[in-house]
> 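The structure that follows is given in the form of structure tokens.
Atoms within a ligand are numbered from 1 in the order they appear, just like the ligands themselves. What you are looking at is a predicted structure, and each value in this text was computed from that prediction instead of being measured. All heavy atoms count here, side chains included; hydrogens, waters and symmetry mates do not.
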Amino acid sequence: MKTIGVLTSGGDAPGMNAAIRAVVRSGCENGFRVMGIRRGWNGLMYGDMYEMNLRSVSNIINRGGTILYSARSPEFKTEDGMKKAIEVCKEHNMEGVVVIGGDGSFRGARDLSLRGVPCVGIPGTIDNDIACCDYTIGYDTAMNTAMEMVDRLRDTTESHDRCSVVEVMGRRAGYIALNAGIACGATTILIPEVDFDFERDVIDRMKKTQKTGKRHFIIIVAEGVGGVAEMAKKIEAEMGVESRATVLGHVQRGGSPTVRDRVVASQMGYKAVELLKQGIGNRVVAMQKDEIVDFDIFEALNMKKSIDLDLYKMAHEISI
Ligand code: F6P
């Protein structure tokens with residue numbers, strides 16, 4: 001019987017469990033022995049894995065986090081780490097590994113593929129910052145969590161005629177900020193992809209809306225822009241509006257996945273096994289225009305993705 005492994009690596013994302021479930025279930029159904037590798041590449045280097053069966057993935061589709069645990073693994077990037085992983089793959093006759101994670105995890109998958117262990121990547125990150133995919137597992141849940149949190153902040157912000165400056169996750173990408181910002185009617189959204197001028201984009205916009213009677217404000221800032229505490233102080237000093245800074249942080253990474261995350265994760269897990277079944281490795285499963293497709297890992301890692309600037313423009317035009 002052929003053996004394949006599945007692991008989750010990098011920052012966890014709601015929906016990863018649904019992807020694991022799909023890999024294990026379709027793997028078993030297609031006659032594979034499926035090994036669950038714990039804590040990402042670390043588990044592969046040190047042989048920390050166990051055989052999974054249809055029932056190992058019962059009651060997980062609704063759970064956030066990852067039952068296989070996750071880690072970032074600097075050792076795996078070294079030649080020595082790679083050798084350890086290859087040895088373990090040989091020991092277990094591992095003929096393929098499904099890697100659920102972000103770009104960093106795919107670089108590991110590419111390097112392992114180059115050394116003869118076929119890998120298939122599944123995009124799992126709340127940031128939606130994987131170039132070959134319109135959509136990554138966890139993104140929808142994270143956006144909805146951010147929206148719910150900002151809605152709560154709005155209640156108290158409005159009661160006190162205040163300004164809330166809210167940092168949402170997204171180190172290099174403003175997807176969560178842009179969409180949560182639109183959904184919450186933020187006065188201004190600041191994202192790493194677009195240069196901003198504090199006076200023009202924050203203060204002047206606040207003043208403009210103030211003239212039409214607005215008395216409370218929500219400013220959404222992507223993590224990659226940062227500086228919410230300083231911004232709140234400046235707003236208070238320049239506008240005389242009491243301001244509070246809130247960093248939503250890791251709450252956005254947890255929680256029960258939305259329908260969309262569960263369904264897409266299931267489709268992607270299923271597709272990954274289909275590829276391995278046909279003996280195809282070195283691929284990344286992706287979603288493009290609502291279709292599940294796959295790309296060569298090398299090609300996928302060289303692709304570029306840009307945020308929708310029309311959506312960004314619209315967000316500001318309708319938030320006055
Ligand atoms: O990549 C997902 C992400 O949540 C980013 O938005 C954030 O910058 C980073 O991970 C946080 O990483 P850590 O969990 O290591 O603090």
> Could you tell me whether a side-chain N or O of Arg205 sits under 3.5 Å from a main-chain N or O of His316, the two making a donor and an acceptor?
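Pair found, side chain donor or acceptor close to backbone of His316.
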
> What's the shortest distance from atom 9 (C) of ligand 1 to any protein heavy atom, and which residue and atom give it?
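Minimum-distance protein heavy atom for atom 9 (C) of ligand 1 reads Arg171 NH2, 3.6 Å.
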
> Counting heavy atoms only, which of Arg172, Gln252, Arg253 is nearest atom 11 (C) of ligand 1?
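Going through Arg172, Gln252, Arg253 one by one, Arg253 has the nearest heavy atom to atom 11 (C) of ligand 1.
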
> Tell me the nearest of Val168, Asp127, Asn128, Thr136 to atom 1 (O) of ligand 1, using heavy-atom distances.
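Minimum heavy-atom distance to atom 1 (O) of ligand 1 goes to Asp127.
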
> Return the option from His250, Met169, Glu223 holding the heavy atom at the smallest distance from atom 8 (O) of ligand 1.
Glu223

> Do Asn17 side-chain atoms and Arg63 backbone N/O form a donor-acceptor pair below 3.5 Å?
yes

> Salt bridge (charged side-chain N to carboxylate O under 4.0 Å, His left out) for Lys305 and Asp129? Distances and angles first, verdict last.
CA-CA 8 Å; Lys305 179 173 179 177; Asp129 62 349; over 6 Å; no

> Considering only non-hydrogen protein atoms, determine which one is nearest to atom 15 (O) of ligand 1 and report residue, atom name and distance to 0.1 Å.
Arg72 NH1, 2.5 Å

> Below 3.5 Å, N or O to N or O, backbone or side chain included: is there any such pair between Gly170 and ligand 1?
yes

> Run the ring-ring contact (aromatic ring centres under 6.0 Å, His included) test against Phe217 and tell me which residues pass, sequence neighbours left out.
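Once residues adjacent in sequence are excluded, Phe217 has no partner under the ring-ring contact (aromatic ring centres under 6.0 Å, His included) criterion.
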
> Without swapping roles, check the side chain of Glu236 against the backbone of Ser243 for a donor-acceptor pair under 3.5 Å.
yes

